[in-house]
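Per chain, numbering begins at 1; letters A, B, ... match sequence-line order.
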Amino acid sequence: MTGMSAPILTLDKVSKTFGNGPGAVRAARSISFSLHAGRALAVVGESGSGKTTCARIAMREYEPSEGRLLYKGKPVDAAGAREIADYRRSVQMIFQDPFASLNPAHTIAYHLKRPLMLHRADIRGAAVDEEIRALLRQVKLDPEIVAPKYPHELSGGQRQRVNIARALAAKPEVIVADEPTSMLDVSVRLGVLNLLSEMKRDMNLGLLYITHDIATARYVAEDIAVMYAGQIVEWGNTGKVIDNPAHPYTKLLLSAVPDPDIRFDDPNAQVSSAEADETRRRSAATQETVREVGPDHFVRAA
Amino acid sequence: MTAPLLSVKNLTIDYIGETDDFRAVDNVSFDVAPGEVFGLAGESGCGKSTIAFAISRLHKPPALIRKESAILLDGRNVLDLDQRDLADFRWREVAMVFQSAMNSLNPVLRIEQQFYDVLRTHKRITRAQARDRTAEMLKLVDISPDRMRDYPHQFSGGMRQRIVIAICLALDPRLIVMDEPTTALDVVVQREILQRINELRRKLGFAVLFITHDLGLMVQFCDRIGIMLGGKLVEQGTADAIYRTPEHDYTKKLWASFPSLHGGVLR
């Protein structure tokens with residue numbers, strides 16, 4: 001990661017524990033990563049691996065149990081009210097469920113007007129309506145048709161575009177997208193991913209892309225972090241990690257990705273349940289040692 | 001070719017509305033051979049789940065199967081069965097695994113009891129015999145038989161899904177309909193379960209009607225595949241043909257919408 005600008009958002013050895021005593025769940029263990037302008041980081045893992053916990057820490061929805069969250073180099077827990085307001089504007093989220101994340105009682109125009117009123121003191125009056133139209137055009141929706149509609153009148157893909165427009169309304173620097181396409185139909189997924197990538201590039205946004213689908217991670221993100229049981233087990237350049245995986249869990253994950261070139265009947269392509277269980281057991285243990293596989297590619301020793 | 005096990009002929013299903021009917025399945029015909037895995041792929045709303053429900057006659061009003069349709073299992077028309085025959089036909093001939101099947105276990109009954117309920121309904125069987133059969137079925141799906149006294153919440157999602165599959169297999173059905181059986185599970189668990197089902201169908205000889213939106217997965221598992229669009233079966237062929245030489249534009253478009261792990265990247 002040479003020649004890169006200073007990170008906008010950094011998680012520095014962040015841990016999050018739910019509950020206490022022997023039943024405590026360590027959802028995130030010593031997580032460190034940075035988001036840079038114009039770059040996407042994909043956090044990949046199965047359900048329960050802690051990837052959404054990372055997103056929520058970045059959104060300041062959860063306080064880290066340990067470690068620090070840095071915004072433009074400064075710890076956020078020391079921030080004053082004005083800095084917090086700036087953070088709230090600067091870091092926006094796109095949710096998984098396009099059906100639940102819009103208010104059924106309000107029009108699309110209203111959904112976009114709220115963040116403008118809250119975060120954009122520079123535009124008022126007629127300029128607000130013009131901005132709403134511009135935002136909808138940006139996400140490739142026709143403002144004349146979509147703005148007066150209610151969420152139930154739109155398809156899932158259209159709603160997710162509205163969600164993206166709503167996030168963009170605040171003029172963010174970072175977008176956290178938690179499984180933004182997993183509830184959409186396969187044929188519209190790519191359109192939404194393309195749109196996110198375009199926004200990232202054109203508006204120089206930092207994108208945190210949370211997903212369980214490692215193939216889309218390759219498609220969208222320059223950097224990748226593979227999570228298992230609350231730890232990032234392997235991270236670095238997306239192509240390097242996927243083409244040359246070093247951690248047993250990453251290898252297991254990649255071997256199980258649906259691949260039309262491999263038939264289940266092929267004895268050489270079998271994923272052994274016993275080996276998978278052994279990999280899970282080893283990967284769940286705390287792994288302190290970090291090894292550099294190559295430039296921009298790191299792995300924890302399992 | 002041997003005689004088909006399942007033969008769906010001119011299946012047309014409408015959802016009856018107050019003013020208009022919605023045609024969910026439009027004149028669909030396909031065959032499934034004994035021991036074959038046949039896949040139905042398509043987007044949500046294309047009618048693939050409606051077909052799955054219709055095969056066991058689990059569809060409910062306002063869904064209406066039009067007169068010219070026939071669903072033949074071994075030559076017998078499922079649509080003509082009376083209630084008694086139908087009850088006998090379900091589970092014994094055709095079993096079903098749904099998308100959230102792992103949540104279809106009764107949370108307050110032990111696994112053993114849930115097997116017993118199914119076996120007892122369809123067979124004269126004693127407790128001890130049922131227990132033996134339960135142990136045998138659990139072993140098939142790699143779950144230790146000594147866990148049959150546990151409750152569903154004591155198992156992981158993947159294990160619960162395997163238990164449901166074991167219950168389905170307990171009566172030796174000849175066809176299992178699987179509607180997105182692994183969509184709620186992560187890819188490693190999905191692979192483990194489908195590999196196991198593949199081994200079992202080779203061993204036990206049942207056929208599978210497999211429904212998913214994931215074309216890559218479908219090609220790995222299925223012998224033949226049908227692609228659905230707007231209630232119509234627009235293309236069917238061997239898995240290899242659907243993958244390598246798709247003919248219909250929609251099939252090609254569907255393939256193009258999956259980013260490949262080692263394929264092109266955006267940026």
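- How far SG of B:Cys222 is from CZ of A:Arg263: 7.5 Å, rounded to the nearest 0.5 Å.
- Looking only at side-chain heavy atoms (C-beta outward), A:Val271 and B:Gln195 come within less than 4.5 Å of each other.
- The CD atom of B:Gln220 sits 9.0 Å away from the CG atom of A:Asp261 when rounded to the nearest 0.5 Å.
- Contact count versus chain A (heavy atoms, under 4.5 Å) is highest, among B:Gly45, B:Gly216, B:Gly157, for B:Gly216.
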Could you walk me through whether A:Ser47 and B:Asp186 pass the side-chain hydrogen bond (donor to acceptor under 3.5 Å, both in side chains) test, one step at a time?
CA-CA 7 Å; A:Ser47 40; B:Asp186 71 82; 4.9 Å; no
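- Of the listed residues (A:Leu252, A:Asp213, A:Val188), the one with the most heavy-atom contacts under 4.5 Å to chain B is A:Leu252.
- Between A:Ala215 and B:Pro259, the shortest heavy-atom distance links the atoms CB-O, 3.5 Å.
- Between A:Pro258 and B:Phe258, every side-chain heavy-atom pair lies at or beyond the 4.5 Å cut-off.
- Only the side chain of B:Tyr243 comes within contact range of chain A, with heavy atoms under 4.5 Å apart.
- Expressed to the nearest 0.5 Å, how far OG of B:Ser257 lies from CG of A:Leu190 amounts to 6.5 Å.
- If you measure heavy-atom distances from A:Ser255 to chain B, the contacts under 4.5 Å come from the backbone alone.
- The contact between B:Leu254 and chain A is made entirely by side chain atoms (from C-beta outward), counting heavy-atom distances below 4.5 Å.
- With a threshold of 4.5 angstrom between heavy atoms, A:Arg189 approaches chain B through side-chain atoms but not through N, CA, C or O.
- Note that CG of A:Asp259 is 11.0 Å distant from CG of B:Leu217, once rounded to the nearest 0.5 Å.
- Judged by distance alone, with hydrogens and angles left aside, the side-chain atoms of A:Asp185 form no donor-acceptor pair with the main-chain N or O of B:Glu43 at under 3.5 Å.
- Proximity to chain A (any heavy atom under 4.5 Å) is restricted, for B:Ala239, to the side chain, taken from C-beta onward.
- Taking B:Lys253, B:His213, B:Gln190, B:Glu199 one by one and counting their heavy-atom pairs under 4.5 Å with chain A, the maximum is reached by B:His213.
- The local environment of NZ in A:Lys240 is crowded, with over 12 non-hydrogen atoms from other residues, nucleotides or ligands closer than 6.0 Å.
- Residue-environment remark: CD (B:Gln154) exceeds the threshold of 12 foreign heavy atoms within 6.0 Å.
- Neither the backbone nor the side chain of A:Asp266 has a heavy atom closer than 4.5 Å to any heavy atom of chain B.
- In this structure a side-chain-to-backbone donor-acceptor pair under 3.5 Å is missing from B:Arg191 to A:Phe264.
- Counting heavy atoms from C-beta outward, A:Arg280 and B:Val188 have side chains that approach closer than 4.5 Å.
- Neither the backbone nor the side chain of B:Leu215 comes within contact range of chain A; no heavy atom of the residue lies under 4.5 Å from a heavy atom of that chain.
- For B:Arg196, no part sits under 4.5 Å from any heavy atom of chain A, backbone or side chain.
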